[in-house]
J.: 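The structure is given below, and queries will be raised subsequently.
Each ligand, and each atom within it, is numbered from 1 in the order the structure gives.
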Amino acid sequence: MEKQKGKLFVISGSSGVGKGTLLKLLLQNNPHINLSISVTTRHPRRGEIDGVNYFFTTEEDFLNSVENNEFLEWAEFNGNFYGTKQAYVEKTLAKGEDLILEIETRGALQIKQKLADAILIFILPPSIEELEKRLRGRNTEDETAIRNRLKEAFREIECSKDYDYRIVNDNLEKALEELQSIISYK
Ligand code: ADP
Ligand code: 5GP
């Protein structure tokens, strides 16, 4: 009998909304779920490790991979390229394992077109003011990057209407519960 394929979850949400925080907790509670590691041309932030947070690469290598059709999806975000390797996604799902991609909206919508079974989840902030507060509180971006990320936030929230689920990350525990119930749904 053919092995049942794993499920693909795509999680998006504006920078600073709490995706990383939620995913860390979700993966602690669900160690069987895989988190895809993206390729990016962005420079590592303090504490980020190559091969753990991202595969950090040059623009030249990234564009070579685009030419060679190695990406299931890719997008430019805030002046940097980000992409998901197709081979890794195919291999993981074929093994019957579930997989989460944490990617921005343009990439997520490319995935939905290619893989109609993918489950798209968008994390919303309780308000734009709270989003700005969290982004500043994280202390990882300079003023220009914060401004750009807030501008992107409006565009991304607009795209969230095409997602299967939307979760407001106001109370962290409640948002985690909602995410857990979507992931566990058979
Ligand atoms: P993202 O991965 O979406 O960019 P992070 O997970 O880095 O966001 O979260 C940004 C900041 O917001 C972090 O300092 C985090 O501790 C905080 N945060 C996350 N979720 C909540 C929440 N529900 N309430 C208050 N602060 C939160
Ligand atoms: P950051 O620079 O804050 O790590 O990520 C910026 C944005 O890029 C986030 O919205 C994140 O979800 C998105 N992102 C990360 N990896 C990928 C990827 O492989 N593809 C796409 N399309 N977006 C990604």
J.: Establish, from distance only, whether the side-chain atoms of Thr105 and Glu156 form a donor-acceptor pair under 3.5 Å.
T.: yes
J.: Show which atoms of ligand 2 fall inside a sub-4.0 Å distance from at least one heavy-atom site of Glu73.
T.: 18 (C), 19 (O), 20 (N), 21 (C), 22 (N)
J.: Checking a contact table here: which protein heavy atom is nearest atom 20 (N) of ligand 1, and how many Å away?
T.: Asn169 ND2, 3.1 Å
J.: Using a 3.5 Å cut-off on N or O atoms only, is Asn171 in polar contact with ligand 1?
T.: no
J.: Please write down residue, atom name and distance for the protein heavy atom closest to atom 4 (O) of ligand 1.
T.: Arg138 NH1, 2.6 Å
J.: Out of Gly20, Ser15, Gly18, whose heavy atom is nearest to atom 8 (O) of ligand 1?
T.: Gly18
J.: Please say whether Arg42 places an N or O atom under 3.5 Å from an N or O atom belonging to ligand 2.
T.: yes
J.: Return yes when Glu156 approaches ligand 2 closer than 4.0 angstrom through a heavy atom, no otherwise.
T.: no
J.: In terms of atom number and element, which parts of ligand 2 are under 4.0 angstrom from non-hydrogen atoms of Ser38?
T.: 16 (N), 17 (C), 18 (C), 19 (O)
J.: Has ligand 1 got any nitrogen or oxygen that is less than 3.5 angstrom from a nitrogen or oxygen of Lys19?
T.: yes
J.: Starting from atom 9 (C) of ligand 2, locate the nearest protein heavy atom and write down its residue, its atom name and how far away it is, to 0.1 Å.
T.: Glu102 OE2, 4.2 Å
J.: Tell me whether Thr21 has any N or O atom under 3.5 angstrom from an N or O of ligand 1.
T.: yes
